[in-house]
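Below is one structure, written out as structure tokens; comments come after it.
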Amino acid sequence: MKKYIESFMRYRFLLMELIKKGIKLKYRRSYLGLIWTLLEPLLTMLVLTAVFGSLFANHSETKYPSSLFPIYILCGRLLYSCFSSASKIGMKSVRSNQAMIKKVYVPKYLYPLSSVIYNYVIFLLSLIILAIVGIILGIPITWHSFEAIIPIIVLFVMCIASAMFLSTVCVFFRDIEYLWDVILMLIMYCSAIFYHVENMHNETVKFVIQLNPLYCIIENFRYVVILGKSIITDPQELWMLGYSAAFSFIALAIGVIVFKKNQDKFILHI
Amino acid sequence: MGKKKVALKVDDVSIRFNLSKEKVDNLKELIIKKLKGEKIRFNEFWALKNVSFTLNKGDRLGILGLNGAGKSTLLKVIAGVYKPTSGTITRHGHIAPMIELGAGFDPNYTGRENIFLYGSVLGFSREFLESKYDEILEFSELGDFIDVPIKNYSSGMKARLGFSIATIVEPEILILDEVLSVGDAKFRKKCEAKMKGMFDHGVTVLFVSHSIKQVERLCNRGILLEHGQLIADGPIDEVISLYKEKTGVDDND
């Protein structure tokens, strides 16, 4: 254990540099740069609100007021795209750094870890747009609003878990990239980004969606942001929090073990 | 000479590669093969077999051998890139691996940004690199090019920058793989001068080059590898003459 901490301390500067590199290079060639992190979710929010708020509108009552439907969509989209881009880039992180892995020794977990962190930092920046739209539309801001940090932390754990696991698998099986795209699409439709689960009539589908830990994270986040109420005092929300947190940490343990067991073989396969 | 201190101990190191006949690197092929009942065959290949030697502080070891004898693999094991299949390696002190200069450079980054990136790959802190920044810039002779993305550099410029960063701290162990053959004559001279300075301070060197003359000039000890096995270990002249005998090349090569 002491050995790991020592090596981490030695390479913490590299971790910082890799995170910085990811953020810098992502927007280097675009004119608007980091503004895109704010603009892009805003524009998708407008499109999705137009489509699912009017064209395919469902006017039954839910616990979320329909005036805040843009916020509802924005929350779902921001959290989902954080997970999808972190897991995708994390998955490719070992392979895209193969030139480096072949030539110098660096603890290999730094690659998935840094990719997840830089995506996460971009995600945190994009929350600014949520705050702006939220204030304009008048979301209730209470002491409970700070609880929004909890589902965001769970999301971070889940991103790292998926990056560790997928980056390992991707070294041995390249076509997992295409498979993961399909799985991500499934996860997206099961995350209730632009519809209300409460409105669904099919109990089985409802049950399946509630098994999706990403949906639980998004629901927790929405509950705090849109209603300004505590997720700890509401039994259903607390159950979702417990479930998604347990899922994420177990996934993290599996991801780390799989990665650690196989990392010495990476160099023979990339 | 006082008591000799061990700088590096390579103990019975072997490395096995599995070279599969047809590389199966995706799920689709694996499933098809499984369904067809085919076995994936591997060709075992020992890149290094039972290699042992000990280097004392200040030794300058030249590693000789034909292409594919395992020279670069040996250096990579010592640098920690490969993990030995069996055997152990004990290192004492900071290693500067110059296996390929600028491994870890990002082509989209400018020279300045790459100093910090590559420097942190080598384990230096940001504050330290900032304090040495001018020294690196001066030695690399890049001048205004330092703010240009590295993808626009010539290979010589990249090598100059890589060398300048890697040698900013005097390491205890220096690993050199053909790196002295890059850059123009003027820079090469400067590199050799810097290297000589390090030798005088008693740095331990592992050196791979196909230029026998260079090996002869820089090293005091040699090992000869053949098909991954160590077949000779001794003073550099003896190993060189054995190498020449084996390969049939004469002095002019």
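A note on names: the letters A, B, ... follow the listed sequences, proteins ahead of strands, and every chain is numbered from 1. Quantities reported herein were computed from a predicted structural model and do not represent experimental measurements.
A 6.0 Å sphere centred on NZ of A:Lys260 holds no more than 12 heavy atoms belonging to other residues, nucleotides or ligands. Around CD1 of A:Ile35, the count of heavy atoms belonging to other residues, nucleotides or ligands within 6.0 Å does not exceed 12. In this structure, A:Trp36 places its CH2 atom where only 12 or fewer heavy-atom neighbours from other residues, nucleotides or ligands lie under 6.0 Å away. Heavy atoms of other residues, nucleotides or ligands lying less than 6.0 angstrom from CG of B:Asp144 number 12 at most. Other residues, nucleotides and ligands contribute at most 12 non-hydrogen atoms within 6.0 Å of the CZ atom of A:Phe247. By the neighbour-count criterion of 12 heavy atoms within 6.0 Å, atom CZ of B:Phe145 is sparsely surrounded, having that number or fewer from other residues, nucleotides or ligands. A 6.0 Å sphere centred on CD of B:Glu138 holds no more than 12 heavy atoms belonging to other residues, nucleotides or ligands.
Once rounded to the nearest 0.5 Å, the distance linking OG of B:Ser120 with CG of A:Leu110 reads 9.5 Å. The line from CZ of B:Phe17 to CD1 of A:Ile267 is 7.5 Å long, rounded to the nearest 0.5 Å. Distance CD1/A:Ile176 to CG/B:Asn26: 10.0 Å, rounded to 0.5 Å. Note that the CG atom of B:Leu117 and the CG atom of A:Leu18 stand 6.0 Å from one another [nearest 0.5 Å].
Contact of A:Lys20 with chain B is made through backbone and side chain together, with heavy-atom distances under 4.5 Å. Heavy atoms of A:Ile101 lying under 4.5 Å from chain B belong exclusively to its backbone. For A:Val104, the parts sitting under 4.5 Å from any heavy atom of chain B are the backbone and the side chain alike.
By the 4.0 Å N-to-carboxylate-O rule, B:Glu113 lies too far from A:Lys21 to be salt-bridged with it. Using a 4.0 Å cut-off between a side-chain N of Lys or Arg and a carboxylate O of Asp or Glu, B:Lys83 and A:Asp264 qualify as a salt bridge.
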**Report entry** Audit row: A:Leu25, B:Tyr109, side chain to side chain contact (heavy atoms under 4.5 Å, CB included) steps and yes/no
**Finding:** CA-CA 8 Å; A:Leu25 293 183; B:Tyr109 252 27; 3.7 Å; yes

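Among the candidates A:Tyr11, A:Tyr105, A:Phe266, the residue making the largest number of heavy-atom pairs closer than 4.5 Å to chain B is A:Tyr105. Among the candidates A:Met16, A:Met100, A:Glu17, the residue making the largest number of heavy-atom pairs closer than 4.5 Å to chain B is A:Glu17.
For the pair B:Lys28 and A:Tyr178, the cation-pi test (distance below 6.0 Å, angle within 45°) is failed.
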Please output the side-chain donor-acceptor pairs of residues 66-77 of chain B that fall under 3.5 Å, not counting sequence neighbours, one pair per line with the distance.
unit_1: B:Asn67; atom_1: OD1; unit_2: B:His210; atom_2: NE2; d: 3.3
unit_1: B:Lys71; atom_1: NZ; unit_2: B:Gly65; atom_2: O; d: 2.8
unit_1: B:Lys71; atom_1: NZ; unit_2: B:Leu66; atom_2: O; d: 3.0
unit_1: B:Ser72; atom_1: OG; unit_2: B:Asp177; atom_2: OD2; d: 3.1
unit_1: B:Lys76; atom_1: NZ; unit_2: A:Lys102; atom_2: O; d: 3.3

Pairs under 3.5 angstrom only: tabulate donor-acceptor contacts from the side chains of residues 154-165 of chain A to other protein residues two or more places apart or in another chain.
unit_1: A:Ser162; atom_1: OG; unit_2: A:Met158; atom_2: O; d: 3.3
unit_1: A:Ser162; atom_1: OG; unit_2: A:Cys159; atom_2: O; d: 2.9

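Considering every non-hydrogen atom in both A:Phe13 and B:Phe124, the closest pair reads CB-O, 3.9 Å.
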